[in-house]
Amino acid sequence: MKLVEHFKHGLDAPICLTWELTYACNLACSHCLSSSGRRDPRELTTAQCQSVIDELQRMQVFYVNIGGGEPTVRQDFWDLLHYAVDHQVGVKFSTNGVRITRERAEQIAATDYVDVQISIDGATAEVNDAVRGPGSFATAYRAMENLATAGVEGFKISVVMTRDNVGQMDEFKAIADRFGAQLRLTRLRPSGRGADVWHELHPTAEQQRSIYDWLVDHGEGVLTGDSFFHLNALGSSPIPGLNLCGAGRVVCLIDPVGDVYACPFAIHDEFLAGNVRDPGGFESVWRTSELFAELRQPQTGGACTSCSAYDACQGGCMAAKFFTGLPLDGPDPECVRGNAVPVAPGIDRPMPDKDHSRKSRSRRTVSLGMPGPKIPMTVPDRACNTDPIAGLR
Ligand code: SF4
Ligand code: SF4
């Protein structure tokens, strides 16, 4: 049996486990897949996080993708990172860079099995800050400088492709090359707050062709998180990757309150498999949940099976279909053969179950506790927006 067939039936442990440590975030990106902003008071405690790590070690999960929210605003973040590494669970964490000071960068450089991914969504402040908020490009850029200066080689620069930044792919690559970093391009999904801006921001059909062509021509060494396999229907050169929807098979999400979902882009009751606090913990959820068993069954391609590109495209992304209100066994909303049912803005579609967006935000010029000029940024209305244990001390 080919390796990919094993993956379709699910593995004993996920190979792409995302763990969002907190919903708290200093930014309010318009496309945030987890609608982050405010901390949830039910978030896992330090001890609960440690016991999840113990389980991951027992399950031989070799690394975990830590995200949020902004994970570094958890006061126990660095302790948890070291706890994971000491327990043979490598850490790749995503950050907007707010806490990546020179000292932290040096600490990262000195720690094995830790990888860091800085998020930007524009190669210029103008394009980036329109999505991620004022000052966010400067913050991310300074973090990259700190990492490069500290000698962290091959850190990742992660970009969500939007209508406004497709034309900047060469510039993103140049930034990555400048810092000795690796570029990671991923697909915008209509998940979380992304659903609200998807119609304005998702790439046009012509831009999807540009992304495909660029990845085929220049994509060697560029990571994609296996997120563009629906574009494989455009040509005979497949974009490297597993090229299948791994939800519940090789992919899953643990959210900040311990809920386990089939995929980070599918935060909705329909895709909720259990909670790490349930008896049997994460291992039992991964191995015995009915939802995951169902997702590991052979899937029907529905309306896609008659398409000559089905083997290459697999009908696209389950989460993208779900949150645009399309049938899960039909074409992706961005089907490159034009076979998707048109999705009009404002039609009935499933809404994300969880929304931790801040309701009102004030913008002031503040110091981020790092050397350099003060920059404008979103200031939290309440302490719990950035401090996961605010009010619990
Ligand atoms: S739902 Fe979409 S993002 Fe999630 S694993 Fe499947 S294809 Fe990937
Ligand atoms: S019809 Fe389905 S399989 Fe064919 S290109 Fe569109 S999404 Fe892919």
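As a basis for the values below, the full set of heavy atoms in this structure was taken, side chains included, without hydrogen atoms, waters or symmetry mates. In listed order, ligands and their atoms are each counted from 1.
The closest approach between a heavy atom of Phe229 and any atom of ligand 1 is below 4.0 Å. At least one heavy atom of Asp332 sits closer than 4.0 Å to an atom of ligand 2.
Atom CG of Asn275 is separated from atom OG of Ser284 by 11.5 Å, given to the nearest 0.5 angstrom.
Nearest to atom 4 (Fe) of ligand 2 among the protein's heavy atoms is Cys307 SG, 2.3 Å. Among all protein heavy atoms, the one lying closest to atom 5 (S) of ligand 2 is Arg337 CG, 3.4 Å. With hydrogens left out, the protein atom closest to atom 1 (S) of ligand 2 is Asn339 ND2, 3.3 Å, a heavy atom. Of the protein's heavy atoms, Cys304 SG, 2.3 Å lies nearest to atom 2 (Fe) of ligand 2.
Ring centroid separation for the pair Phe265 and Phe323 does not come in under the 6.0 Å cut-off. Between Phe62 and Tyr113, the ring center distance fails the sub-6.0 Å criterion.
The Ala233 neighbourhood of ligand 2 comprises atoms 5 (S), with distances under 4.0 Å to a heavy atom of that residue. The distance from ligand 1 to the heavy atoms of Gly246 drops below 4.0 Å at these ligand atoms: 5 (S). Interface of Cys335 with ligand 2, defined as ligand atoms under 4.0 Å from a residue heavy atom, comprises 1 (S), 5 (S), 6 (Fe), 7 (S).
Without hydrogens or angle criteria, Lys321 side chain to Leu328 main chain gives a donor-acceptor distance under 3.5 Å. Remark: side-chain polar atoms of Asn96 are not paired, donor with acceptor, to backbone N or O of Thr139 under 3.5 angstrom. Remark: side-chain polar atoms of Arg358 are paired, donor with acceptor, to backbone N or O of Cys25 under 3.5 angstrom. A donor-acceptor pair under 3.5 Å links the side-chain atoms of Asn128 to the main chain of Asp121, judged by distance alone. Checked by atom type and distance alone, the side chain of Gln207 pairs as donor or acceptor with a backbone atom of Thr204 at under 3.5 Å. Here the side chain of Arg187 pairs no donor or acceptor atom with the backbone of Val160 at under 3.5 angstrom.
Metal site remark for atom 2 (Fe) of ligand 2: His230 contributes no N, O or S atom at a distance under 2.8 Å.
By the neighbour-count criterion of 12 heavy atoms within 6.0 Å, atom CZ of Arg42 is sparsely surrounded, having that number or fewer from other residues, nucleotides or ligands.
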If you look only at distance, which donor and acceptor atoms sit under 3.5 Å apart when one is on a side chain in residues 149-159 and the other is two or more places apart or in another chain?
residue	atom	partner	partner atom	Å
Thr149	OG1	Glu145	O	2.7
Lys156	NZ	Asp115	OD2	2.7
Lys156	NZ	Gly154	O	2.9

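Listed by chain and number, the protein atoms of type N/O/S under 2.8 Å from atom 2 (Fe) of ligand 1 are Cys317 SG; waters are omitted.
For atom 8 (Fe) of ligand 2, the nearest non-hydrogen atom from the set Cys313, Pro331, Gly301 belongs to Cys313.
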